*Asks:* 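Before I ask anything, here is the structure I am working with.
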Amino acid sequence: MQVFTDPRKRQWLIAITVGVVLTLAGVFVLLYRTVPRTDLKVSDFSVQPPSKVAAKQHEVYSSGSETKEEVHGHDSIDATAIDMTLKNSGTAPAVLLGSDAKILYAEQLADCNDRGGEITVAAEYSIKLPDNMPDRPFVIPRDIRFEVRGGATDRFTLSIGPQEQTGSSTVPWVIVAEVNLRHDDGATTRAGTAALVTFAGQGLENLEVAPLWNRDCIRENGDKVAKALSLQAEAQADELRELGRRYNILQRGAGSPAKPSCTTGVVGEINTLCGTFAGDRLTVELELRSPPVPGSTAFDIVISGPNGKPRYVTPMAYTYNSQGVPDWQIDYPSDGKTHGGIGFEDITIHGNSVKMWKYATTDLLLAGQGRIEVRPRGEKTTQSVPITRGA
């Protein structure tokens with residue numbers, strides 16, 4: 001009891017107690033720092049810009065009872081890689097034995113142009129989707145060996161794609177996958193979820209070449225893209241986001257009523273040129289200086305985007321058809337090349353007036369504006385009008 005009543009002894013006891021506690025704490029910290037341990041975390045998870053992946057172009061076919069392969073070449077294709085930055089704050093090496101992909105969503109966009117082909121591409125993706133996919137979600141395990149030293153930071157990438165993909169048309173896959181990393185002690189680390197398009201670039205091309213008359217196909221592709229974007233993901237490919245933006249534009253109305261844009265004044269054979277962009281239709285109306293003459297009246301109709309670059313050139317000629325009746329037709333040159341000629345859906349003639357319409361291209365519909373130019377054949381003069389989309 002004298003220890004607690006004597007101030008000097010009490011001070012000595014407190015000092016000794018504090019010293020013991022500090023010593024024990026120092027020993028604990030020293031032991032903690034010297035005992036080997038791992039502390040691996042994913043410090044960054046992103047989708048890289050497209051990069052090259054080795055691929056093989058080939059045909060696989062049956063010959064009798066055998067399956068044969070004809071290789072057409074080896075090349076590389078654009079793929080979107082998932083990029084992970086791993087930081088090990090521990091003192092011991094962290095060893096990964098697996099990078100597993102949980103496929104949350106995987107759908108192939110349809111080719112709305114209905115193009116086909118036998119040549120397929122087999123790319124060397126890190127993780128390949130099975131040919132016959134089960135219901136989503138499902139897990140594709142992948143064994144690896146990847147080591148991050150203690151106190152170090154390292155990067156790890158992987159790509160995901162189908163076993164085979166046609167090389168003759170644009171039918172990309174839209175994929176959403178969660179990546180999980182397996183440690184050598186059996187623990188797992190969730191790296192993140194990524195949403196991407198493969199082949200990279202084909203998603204935008206698929207939409208660009210889609211004909212507007214095939215609206216159901218375009219709508220179904222848009223629904224697939226929207227579903228992928230609706231799933232929560234830490235990383236989304238720029239192409240997928242841009243696809244979502246463009247499909248949203250296509251689904252919106254055109255706004256105010258469309259108005260014809262006209263130019264007047266005699267230029268060669270043309271008195272007046274009018275162009276109207278209403279909904280998904282482009283209408284061209286011409287008033288000629290004189291009625292069209294079979295075998296003589298001909299001109300090129302050039303449709304350009306907002307950048308002024310010609311998108312389609314349709315060479316038209318008033319000539320006799322197979323029944324011997326004068327009619328407007330695409331003027332195919334003798335060499336058999338169409339020069340990008342895209343025909344009109346309907347053409348009507350009333351005296352000196354010619355009216356024709358066609359579906360707009362998808363890129364024009366997205367831009368909402370463009371230009372129609374008419375070039376009379378054999379003349380240097382042209383007439384053109386700007387067009388702005390309306391309802």
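Treat the numbers as computed from the prediction; the structure is a model and nothing was measured.
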*Asks:* Any salt bridge linking R246 with E208? Criterion: basic side-chain nitrogen under 4.0 Å from a carboxylate oxygen.
*Replies:* no

*Asks:* Is the side chain of T38 donor-acceptor paired with the backbone N or O of G90 at a distance under 3.5 Å, no angle test?
*Replies:* no

*Asks:* Please determine whether side-chain contact (heavy atoms from CB on, under 4.5 Å) holds for the pair R289 and N352, giving the CA-CA distance in whole Å, both sets of side-chain angles, and the decisive distance to 0.1 Å.
*Replies:* CA-CA 7 Å; R289 188 170 57 185; N352 294 8; over 6 Å; no

*Asks:* Please determine whether the number of non-hydrogen atoms from other residues, nucleotides or ligands lying under 6.0 Å from atom NZ of K102 exceeds 12.
*Replies:* no

*Asks:* Has the side chain of E239 got a donor or acceptor atom that lies under 3.5 Å from a matching backbone atom of G203?
*Replies:* yes

*Asks:* Contact between P315 and R377 at the side-chain level, heavy atoms closer than 4.5 Å - yes or no?
*Replies:* yes

*Asks:* Is there a path of hydrophobic side-chain contacts, each under 4.5 Å between heavy atoms of I, L, V, M, F, W or Y residues, that connects I303 with L286?
*Replies:* yes

*Asks:* Taking the side chain as everything from C-beta on, heavy atoms only, tell me whether F138 gets closer than 4.5 Å to I103.
*Replies:* yes

*Asks:* Quick check: is V176 connected to V171 through a chain of hydrophobic side chains (ILVMFWY, heavy atoms under 4.5 Å apart)?
*Replies:* no

*Asks:* Side chain of N206, backbone of T170: donor and acceptor closer than 3.5 Å?
*Replies:* yes

*Asks:* Would you kindly confirm whether L212 and L366 end up in one hydrophobic cluster when ILVMFWY residues are joined by side chain heavy atoms under 4.5 Å apart?
*Replies:* yes

*Asks:* Ignoring hydrogens and geometry, is there a side-chain-to-backbone donor-acceptor pair from Q165 to T198 under 3.5 Å?
*Replies:* yes

*Asks:* With distance as the sole test, does N248 use its side chain to make a donor-acceptor pair with the main-chain N or O of G244 at under 3.5 Å?
*Replies:* yes

*Asks:* Has R389 got a side-chain atom pairing as donor or acceptor with G279's backbone, closer than 3.5 angstrom?
*Replies:* yes

*Asks:* Could you walk me through whether V284 and L273 pass the side-chain contact (heavy atoms from CB on, under 4.5 Å) check?
*Replies:* CA-CA 7 Å; V284 180; L273 164 65; 3.9 Å; yes

*Asks:* How many angstroms lie between atom CD1 of I387 and atom CD1 of I372, to the nearest 0.5 angstrom?
*Replies:* 4.0 Å

*Asks:* What's the spacing between T189 OG1 and M84 CE if we round to 0.5 Å?
*Replies:* 11.5 Å

*Asks:* For R136 and P134, work out which heavy atoms get closest and say how close.
*Replies:* NH1-O, 3.0 Å

*Asks:* Could you state the interatomic distance from CG (L243) to CG (L109), rounded to the nearest 0.5 Å?
*Replies:* 7.0 Å

*Asks:* Do L207 and D363 have side chains that get closer than 4.5 Å, going by heavy atoms?
*Replies:* no

*Asks:* Answer with yes or no whether the hydrophobic clustering places V209 together with W173; edges join I, L, V, M, F, W, Y residues whose side-chain heavy atoms lie under 4.5 Å apart.
*Replies:* no

*Asks:* Within the side chain of T91, is there an N or O that forms a donor-acceptor pair under 3.5 Å with the backbone of R37?
*Replies:* yes

*Asks:* Does a side-chain heavy-atom distance below 4.5 Å link P292 with W328?
*Replies:* yes

*Asks:* Heavy-atom count around E147 CD within 6.0 Å, excluding the residue itself: above 12?
*Replies:* yes

*Asks:* Strictly distance-based, threshold 3.5 Å: is any side-chain N or O of S126 a donor or acceptor partner for the main-chain N or O of S159?
*Replies:* yes

*Asks:* Working to the nearest 0.5 angstrom, can you tell me the gap between Y318 OH and D327 CG?
*Replies:* 7.5 Å

*Asks:* T80 vs L240, test: side-chain contact (heavy atoms from CB on, under 4.5 Å). Steps then yes/no.
*Replies:* CA-CA 11 Å; T80 303; L240 185 62; over 6 Å; no

*Asks:* Should P376 and I270 count as side-chain neighbours, where that means a heavy-atom distance under 4.5 Å?
*Replies:* yes

*Asks:* A quick test of your reading: do over 12 heavy atoms of other residues, nucleotides or ligands sit less than 6.0 Å from CZ of R215?
*Replies:* yes

*Asks:* Decide yes or no for E234 and R190: does some side-chain heavy atom of the first lie under 4.5 Å from some side-chain heavy atom of the second?
*Replies:* yes

*Asks:* Quick one: do the T382 and R375 side chains pair a donor with an acceptor below 3.5 Å?
*Replies:* no

*Asks:* So if you build clusters from Ile, Leu, Val, Met, Phe, Trp, Tyr with side-chain heavy-atom gaps below 4.5 Å, do L96 and I140 land together?
*Replies:* yes

*Asks:* Evaluate D100 against T188 for side-chain contact (heavy atoms from CB on, under 4.5 Å), listing each step before the verdict.
*Replies:* CA-CA 10 Å; D100 304 333; T188 60; over 6 Å; no

*Asks:* Roughly how far apart are I127 CD1 and I82 CD1, rounded to 0.5 Å?
*Replies:* 7.5 Å

*Asks:* Do R371 and S304 have a side chain donor and acceptor closer than 3.5 Å?
*Replies:* no

*Asks:* Just by modelled atom types, is the R241 backbone N or O under 3.5 Å from a matching donor or acceptor in the Q236 side chain?
*Replies:* no

*Asks:* Side-chain contact, heavy-atom cut-off 4.5 Å: P50 with F199?
*Replies:* no

*Asks:* Could you walk me through whether D143 and R182 pass the salt bridge (Lys or Arg N to Asp or Glu O under 4.0 Å) test, one step at a time?
*Replies:* CA-CA 9 Å; D143 293 333; R182 279 187 282 120; 3.0 Å; yes

*Asks:* How far does CE of M133 sit from CD of Q108, to the nearest 0.5 angstrom?
*Replies:* 8.5 Å

*Asks:* Work out which heavy atom in V47 is nearest to a heavy atom in A195; give both atom names and the distance.
*Replies:* CG2-O, 4.4 Å

*Asks:* Which heavy atom of L86 sits nearest a heavy atom of F156, and at what distance?
*Replies:* CD1-CB, 4.2 Å

*Asks:* So which heavy atom on I144 is nearest to which on G98, and how close?
*Replies:* CG1-N, 3.5 Å

*Asks:* Is it the case that the side chain of N88 and the backbone of D39 share a donor-acceptor pair, with hydrogens and angles ignored and the cut-off at 3.5 Å?
*Replies:* yes

*Asks:* Which residues pass the side-chain contact (heavy atoms from CB on, under 4.5 Å) test with T283, not counting sequence neighbours?
*Replies:* T276, E285, K355, W357

*Asks:* Less than 4.5 Å apart, side chain to side chain, heavy atoms only: is that true for D78 and K52?
*Replies:* yes

*Asks:* Locate the shortest heavy-atom distance separating A258 from F277; write the atom from each residue and the value.
*Replies:* CB-O, 3.4 Å

